[in-house]
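Here's the structure we're looking at; comments come further down.
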Amino acid sequence: MSMLLPLAEAIERHVADGASVALEGFTHLIPFAAGHEIIRQGRRNLHLIRMTPDIIYDQLIGMGCARKLTFSWGGNPGVGSLHRLRDAVEHQWPQPLELDEHSHAGMAAAFCAGAARLPFGMLRGYAGTDLPAHNQNIRRVQCPFTGEMLAAVPALNPDVTILHAQRADRAGNVAIDGIVGAAREAALAAKTLIVTVEEIVDALPPAMNAIVLPHWVVSAVVACPGGAYPSYAHGHYVRDNAFYRQWDAIARERASFLAWMEQHVLGTRDHRAFLAGLQQEAA
Amino acid sequence: MSMLLPLAEAIERHVADGASVALEGFTHLIPFAAGHEIIRQGRRNLHLIRMTPDIIYDQLIGMGCARKLTFSWGGNPGVGSLHRLRDAVEHQWPQPLELDEHSHAGMAAAFCAGAARLPFGMLRGYAGTDLPAHNQNIRRVQCPFTGEMLAAVPALNPDVTILHAQRADRAGNVAIDGIVGAAREAALAAKTLIVTVEEIVDALPPAMNAIVLPHWVVSAVVACPGGAYPSYAHGHYVRDNAFYRQWDAIARERASFLAWMEQHVLGTRDHRAFLAGLQQEAA
Amino acid sequence: MNACTRDEWMTIAAARLLPDRSVCFVGIGLPSAACNLARLTHAPGIVLIYESGAIGTRPDVLPLSIGDGELAETAACVVPLPEVFSYYLQAGRIDIGFLGAAQIDRHGNLNSTVIGSYDAPTTRLPGAGGAPEIAQHAKQVFVMARASKRSFVERIDFRTSAGYLDGHGARARSGAPGGGPRAVITDFGMLAPHPQSEELQLVALFAGASVEEARAAIGWPLVVADHLDTIAPPSAHELDTLRALNARTREAHARPVRIPL
Amino acid sequence: MNACTRDEWMTIAAARLLPDRSVCFVGIGLPSAACNLARLTHAPGIVLIYESGAIGTRPDVLPLSIGDGELAETAACVVPLPEVFSYYLQAGRIDIGFLGAAQIDRHGNLNSTVIGSYDAPTTRLPGAGGAPEIAQHAKQVFVMARASKRSFVERIDFRTSAGYLDGHGARARSGAPGGGPRAVITDFGMLAPHPQSEELQLVALFAGASVEEARAAIGWPLVVADHLDTIAPPSAHELDTLRALNARTREAHARPVRIPL
């Protein structure tokens, strides 16, 4: 059964210090609002999991929320590096960050294995690369029929997965339209699933082959319009490419980063206030 | 690139004696017309593959088209046994039938492995059952992280997979609505894919998250309205439950079975004629 | 209320076992009737999953097959079959699985594969289908089977799905995630495993059914539990709902089908 | 036609390599421009796949990220990312994969992970993404990278994706399904592997570019192929189409975005 909760309560109740947390969404429907709330509540020692760490992970890492990162590509898509991620890896600022690095294909297999509650995922991957030499979580398994050696990665079962989606109904069924990445596998692989949504409708119509997460796999639903901004929510608002470009300058220096976070995240009560602050600044 | 072909030419060109052939569709969209055409063309020594052998496999087996069957449940859903299948297994009539028997979960994993071109599929299955003792295609693999032993099944890569679907466009893109079973995995696992469809449209609209098989994974598209009858095609016609019940009596004895097949399949030029014959009989 | 049939009584008894909002993996036949009856009576929030991929479906008519159209049209969503077995069943999300079988032994092990030897069977049965993994992973399994000396046997000819194996904790020691057969609902009453030996014993009878009738229908010396319950007869509401459901189903399944020509 | 930039020339040269109806795994940046230019010119039937799940997409504007909305709206279908990597890439259905990298060595091995040591890097790069498996499985790989002594190096600091490994058939012996880097399109021309040694050598120059310029931009002693082609300058049609595409893209990406409040 899923509960309709305010965002602060959902994070407070379900995201504990030291937990493994996946905020998934492949460029689309990235749960920024939830990420900010984790920062506001000062969570520490999180093991962050995400295929493509993006601005929100740069912020979580820069604000000292994370001790470990499982990922397969960390950058500002189409712009450049994530400066806070680099600062943590290159200079251990604000604290050291342990890396569990994979390829997209490897992490996808790990999420699928997690969703299926299998202990490992399997792929014909990592051939001829140095990644296995630096990650003892990439091993091999032999096919019992052909003898072929294949790559094996441990299943990913986050303590908490957080997604953003277009809509949910009062019972907590969640509907996702558009690019889904590995969000659904990350959701089904988690022990606890929180979904922030653009709108709550009375009842979702039968979805046939469309993507729905049934209410009984969802722990908490949060009404949070604009919750994926500055990434986009198909059918609701577009990606703010300008913001992604501006982030490169904001995050490049520690001082400018901390000032921005103080004003726009720590200094705002919730996502509405966050958005309003940006609107004023842009006006 | 997929070719638009008449059914007879698609079968004649792509289904050779001795081939492994999967006619998939889980109760829904079962490619009856294609199955009948295989019988009309007198194919022999086929290795038939299908999770739930249904009336069309009873007919293929009874007409001596098959030497081997890979399956996980063979019966007349909601009615009873498949008498031709039983006759082949219990009395080697019309010829012996080698069985490669699995569970649904095992065959699903085998089709997924086939679609991913992995050599084996993996599941936590077959525990405490006698199936592995009678099928050396069910083996075990050990997790390199936890040491757990899991069931392993060889990937299924049919020489030919045949599906029925609601529609395709002129380029050969195929759209499937409704219950899909493991049809999509069986399609992507095949070397050659033939799809009979209810209608050909100029161009399929962008499908977003709906089910589409892109034209370049489809070898041949065949316009064949009613091609899934007596199973159903969602949005076109319903399942003829009465026919499924009548089949029990028709197939119970060899003589009544052969007479029916002679009149309704061998004696009809194509699926239209087959349907017309049934319509007359029912009138 | 004209006398209810044993099939109706079995269906109603099984439906009563289904808690509201439990997630049930529904098999065709009596299990499908029991689950939908529960949904239409005391368990409106019950979640029904059919192995064809229909998740959270609410059919108004009982499906003849596991992939009927109405299952898709009323489902919260339809997923590919491989996901039903991996992301839902194997992931431990199924509370209750229903199984039938041609043969069942005293430890709830089931045979739906062959009568006689595997390589030269006297009767080739449909086979496993979803049963082995439903028996392995569903938190609880309910077996629904009409009892006869041919079906409730001392030794099954082939073990298609594991119940309690040889009993006495053998299943638990095997590491099977699911709890095994919680109850066997049959046409004279109900059997359930003895807490230690895990041997199926008679725990409840329909009113009017007798221990002798039960013993006569079971192929092994049936033990009667210390406390033998009597299953309350169907209420008018239960019977009316079930009969209306079956009537709608018969009517729908009898509807002449236009040949798509 | 005012003088075309080297980026434009690279994009057009890459686009020309793409056969109609080939299935391309598209990376962001210049590869995305090259693939869409091919689609708008000589290869209308080209199939573009973005790793986010967009299959057979036809964007009118170049995406800034690999998961932009327009990719989904114009795709034949959008599939979960795991399927892109297993049912399409790993299954050998991708004809051409595009890769960029921070470093490339003479055998086409790529580094997009770290500069310096892995555990204490001087520069932590974004990481592998789809590259290792694209390099492994795509039938052909094209690398697009602006050349400099810092990027075309004697030894890469980390092998993220395998090209020809140590050359001389090492890749084939490793059993890699894909053929490896077929061509490296850079801002002075094109490199391609020598048939035996599989060392990248200069095979073509843009008009106006020189061997000296190439040698100055490559960190290893660059071998010039026996036949050195000159890449035909962009046609008006190619340049107009590319510039219109880039203009539409700039305009779309500059459009002020309403904050969803």
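Note that this is a predicted model, so its numbers are computed, not measured. Naming: A, B, ... by sequence-line order, numbering from 1 per chain.
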* To do: Side-chain contact test, heavy atoms from C-beta onward, threshold under 4.5 Å: evaluate it for D/R159 versus A/T129 and give yes or no.
  => no
* For A/Y232, is it the side chain, the backbone, both, or neither that has a heavy atom closer than 4.5 Å to a heavy atom of chain D? -> side chain
* Drop me the distance from D/D68's CG to A/H234's NE2, to the nearest 0.5 angstrom. => 11.5 Å
* **Heavy-atom side-chain contact between D/I66 and A/T27 under 4.5 Å** => yes
* **Engaged part of D/L64 at the chain A interface, taking heavy atoms whose separation is under 4.5 Å** => both
* To do: Report yes if some heavy atom in the side chain of D/P121 is under 4.5 Å from a heavy atom in the side chain of A/V89; otherwise report no.
  => yes
* Side-chain contact, heavy-atom cut-off 4.5 Å: D/V257 with A/R239? -> no
* **Proximity breakdown for A/H91 and chain D, heavy-atom pairs closer than 4.5 Å** => neither
* Structure fact -> Here the side-chain hydrogen bond (donor to acceptor under 3.5 Å, both in side chains) pairs for residues 119-136 of chain D, sequence neighbours left out, are A/E101-D/R124, A/S103-D/E133
* Say you draw a straight line from CG of A/L99 to OG1 of D/T113; how long is it, rounded to the nearest 0.5 Å? -> 10.5 Å
* To do: Measure A/F71 against the heavy atoms of chain D and call it side chain, backbone, both or neither at under 4.5 Å.
  => side chain
* Kindly compute the distance separating CH2 (A/W73) from OG (D/S112), expressed to the nearest 0.5 Å. => 10.0 Å
* Asked: Between A/M51 and chain D, which part of the residue has a heavy atom less than 4.5 Å away: side chain, backbone, both or neither?
  -> side chain
* To do: Side chain from CB out, backbone as N, CA, C, O: work out which of these in A/E185 comes under 4.5 Å of a heavy atom of chain D, or both, or neither.
  => side chain
* Asked: D/S52 versus chain A, heavy atoms under 4.5 Å apart: side chain, backbone, both or neither?
  -> both
* In terms of heavy-atom proximity below 4.5 Å to chain A, should D/N109 be classed as side chain, backbone, both, or neither? -> neither
* Parallel, tilted or perpendicular: rings of D/F158 and A/H134 (30°, 60°) -> tilted
* Interchain contact, A/Y237 with chain D, by part (heavy-atom threshold 4.5 Å) -> side chain
* **Pick from D/A176, D/G130, D/S65, D/A72 with the largest number of heavy-atom pairs that fall under 4.5 Å of chain A** => D/S65
* Which one, D/A128, D/P63, D/G127, D/P126, leads in non-hydrogen pairs under 4.5 Å with chain A? -> D/P126
* Which atom of D/L261 lies closest to which atom of A/A276, heavy atoms considered -> CD2-CA, 3.6 Å
* Would you list the pairs meeting salt bridge (charged side-chain N to carboxylate O under 4.0 Å, His left out) in which at least one residue belongs to residues 137-150 of chain D, sequence neighbours left out? => D/D7-D/R146, D/D95-D/K139
* A/H102 versus chain D, the contacting section by heavy-atom distance below 4.5 Å -> backbone
